[in-house]
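Model, not experiment: these values are computed from the prediction. In each ligand, atom 1 is the first atom listed, and ligand 1 is the first ligand listed.
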Amino acid sequence: MSKEINIVFLDDEQGILNSIDRLFVNASFGIFTTSDYKEALNIIDRENVKVVLSDHRMPNIKGTEFLKMVKAKNENVVRILFTGYAEFSSAEEAINVAEVYRFISKPWDKDELRHTIDQAMEHYDLVLENKSLLEATQQKNQELEELNKKLQYMYDKQKEFTSTVSHELRTPLASIKSSVDLVLSGETGELNEDQINFLSKSKDNVDRLSRLISDILDLAKMEDGKMRLRFELNDLGIIVGDAVEGYGPVCQEQGLFIKSDIASRLPKVICDVDKIHQVLNNLLGNAMKFTEKGGITVSCHHKPDSNIVRVCVKDTGPGIAAKDIEKLFQKFQQLGDSRQHVGGTGLGLSICKEIIDCHGGKIWCESELGRGTSFCFVLPVEERRKH
Ligand SMILES: Nc1ncnc2c1ncn2[C@@H]1O[C@H](COP(=O)(O)OP(=O)(O)O)[C@@H](O)[C@H]1O
Ligand SMILES: [Mg+2]
């Protein structure tokens, strides 16, 4: 079986060509020797040629010119020039024009020639492999870019959809709510016990749906950076005190205590009062909802030398398992007993986190099963919040 021609050798001296043929007769690759440069170019077109070696001084063509043609045909082919004497101008031309890989000076050492050819073949394979790796990487990059664009498009569409649908749901829901309220009030005629029960259930579910929709809209706005916050200098102690006072009657009704431990002369923080109220109401609402015995303690403190004010809502409820704590601030996360989720949306803590993040603060949970739970947040005293 004839060997694949990987090497082309051009020289005008037949004696040299013969000795090259003899030198590579047992090589694993085929070598094509010729004194006709056109024939050499022909072979390069037809065979899997990896390395071309050329003499420089030949009657019909200069080696550099020939190698330039080779480069124009296939720049991957490794080009080697040999010269009978060191001629500076040809070296310069060879480097600049034909971009040769090596020079070999005549007369050559056989082993050195073999070695140079082996290296050139390896070089060819490496360059080709690099190129195909690069192409594959570029292709993958392009695919990733396209995928990213698609994802961004889908994400934008989903956000648009969420807020449009939520808006569209509000109007019919308000109409259902007012009709149910009207019938329940007895103004449209007396109701029997069954009717009152069924309608009360509908009313609870309508209320739950309204809360869910407004929570989803709130979150969508915050995630989109569209939530306008009214930042003002405030005394966090007063805000906390107000929230605790608001929960007094409900806690009493449920047989729970509620206490506050608010430091005097707290430094002011920059915050949106309504939004901080929303956070406190959610934390207090949760504490009350999940606590059966004992009660809630809310603290508000400032460590001297620190630039944060810290608020903690601590309860004597069931506590939260360590493995669940990290999931708490994710959307729609509701843990444990499903009876306690009545009325909840599982979005409250995500909203708290967004609000506190927007203030440049931090919110977290400390808890142990059976020992109650503390939800704490800090707000910066100085202007460290995000804009
Ligand atoms: N004080 C708490 N004690 C025990 N579990 C809590 C407490 N606060 C929150 N959780 C758990 O975290 C979940 C998520 O709370 P939240 O995001 O406010 O949603 P929701 O109150 O609508 O259920 C709750 O469903 C509950 O499982
Ligand atoms: Mg809640």
Side-chain angles (χ1 to χ4, degrees), residues 162 166 169 173 203-223 227 239-240 243-244 246-248 250-261 274-300 310-359 361-378:
T162 308
S166 307
L169 285 174
L173 207 58
K203 183 176 149 50
D204 286 349
N205 277 316
V206 168
D207 286 345
R208 175 150 192 258
L209 208 51
S210 319
R211 268 197 305 279
L212 187 61
I213 290 170
S214 78
D215 279 1
I216 290 175
L217 273 173
D218 261 12
L219 258 184
K221 264 197 230 156
M222 279 189 266
E223 283 176 342
M227 173 71 78
I239 304 176
V240 170
V244 171
Y247 267 84
V250 230
C251 283
Q252 208 178 6
E253 218 171 87
Q254 289 209 12
L256 299 172
F257 70 77
I258 182 159
K259 312 188 275 202
S260 57
D261 165 21
D274 291 341
K275 295 287 165 227
I276 298 304
H277 259 296
Q278 197 178 343
V279 172
L280 284 165
N281 283 336
N282 193 21
L283 298 183
L284 286 165
N286 282 349
M288 208 189 66
K289 188 161 57 169
F290 296 104
T291 305
E292 283 181 357
K293 266 196 293 193
I296 308 165
T297 311
V298 186
S299 60
C300 184
R310 172 174 162 152
V311 177
C312 284
V313 177
K314 186 167 179 259
D315 64 48
T316 55
I320 300 165
K323 68 170 175 40
D324 291 328
I325 287 185
E326 61 191 57
K327 295 190 230 153
L328 283 174
F329 296 95
Q330 291 169 11
K331 285 175 229 168
F332 299 110
Q333 274 300 332
Q334 294 186 306
L335 317 162
D337 189 348
S338 60
R339 277 170 306 164
Q340 283 174 306
H341 298 146
V342 176
T345 61
L347 288 172
L349 288 174
S350 323
I351 293 176
C352 291
K353 187 174 166 7
E354 281 293 333
I355 292 176
I356 298 298
D357 282 353
C358 287
H359 280 77
K362 218 183 126 199
I363 184 165
W364 71 96
C365 170
E366 288 167 10
S367 187
E368 218 179 299
L369 268 184
R371 303 201 129 207
T373 306
S374 284
F375 277 93
C376 301
F377 65 86
V378 291

Backbone N or O of [Y] within a donor-acceptor pair of the [X] side chain at under 3.5 Å?
| X | Y | result |
| --- | --- | --- |
| Thr316 | Gly295 | yes |
| Ser367 | Ile320 | yes |
| Asp315 | Ile296 | no |

### Query
Side chains of Gln333 and Asp324: is there a donor and an acceptor less than 3.5 Å apart?
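No - no donor-acceptor pair under 3.5 Å links their side chains.
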### Message
Within the structure provided, determine whether Ile213 and Asp215 are in side-chain contact (heavy-atom separation under 4.5 Å).
### Response
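Not touching, per the 4.5 Å side-chain cut-off.
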Could you list which atoms of ligand 1 come closer than 4.0 Å to a heavy atom of [X]?
| X | result |
| --- | --- |
| Thr373 | 3 (N) |
| Gln334 | 20 (P), 22 (O), 23 (O), 25 (O), 27 (O) |
| Asn286 | 8 (N), 9 (C), 15 (O), 16 (P), 18 (O), 21 (O) |
| Asn282 | 18 (O) |
| Ile320 | 4 (C), 5 (N), 6 (C) |

### Query
Quick one: does ligand 1 sit under 4.0 Å from the side chain of Asp315, the backbone, both or neither, non-hydrogen atoms only?
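Side chain only; the backbone of Asp315 stays clear of ligand 1.
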### Query
When you look for heavy atoms under 4.0 Å from ligand 1, do you find them on the side chain of Lys289, its backbone, both, or neither?
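Contact part for Lys289 vs ligand 1: side chain (C-beta onward).
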### Message
Just to be sure I'm reading this right: ignoring hydrogens, which of Phe375, Phe290, Phe332 gets closest to atom 26 (C) of ligand 1? Compare them by their nearest heavy atoms.
### Response
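Looking at heavy atoms only, Phe290 sits closest to atom 26 (C) of ligand 1.
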### Message
Quick check: closest heavy atoms across Arg310 and Cys376, and the distance to 0.1 Å?
### Response
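Answer, listing the atom of Arg310 first, then Cys376: NH2-SG, 4.3 Å.
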### Message
If the contact criterion is a heavy-atom separation under 4.0 Å, does Gly346 count as touching ligand 1?
### Response
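So Gly346 counts as touching ligand 1.
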### Query
Is Phe329 near ligand 1, meaning one of its heavy atoms is under 4.0 Å from it?
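No heavy atom of Phe329 comes that close to ligand 1.
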### Message
Is there a polar contact, in the sense of an N or O pair closer than 3.5 Å, between Leu335 and ligand 1?
### Response
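Yes; at least one N/O pair falls below 3.5 Å.
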### Leu328, any N or O under 3.5 Å of ligand 1 N or O
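By distance alone, the answer is no.
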### Query
Does CD belonging to Glu326 count more than 12 external heavy atoms closer than 6.0 Å?
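Counting other residues, nucleotides and ligands, CD of Glu326 stays at 12 neighbours or fewer.
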### Message
Against the six-membered ring of Phe257, is Lys259 placed for a cation-pi contact (under 6.0 Å from the centre, within 45° of the normal)?
### Response
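Yes, Lys259 lies over the aromatic ring of Phe257.
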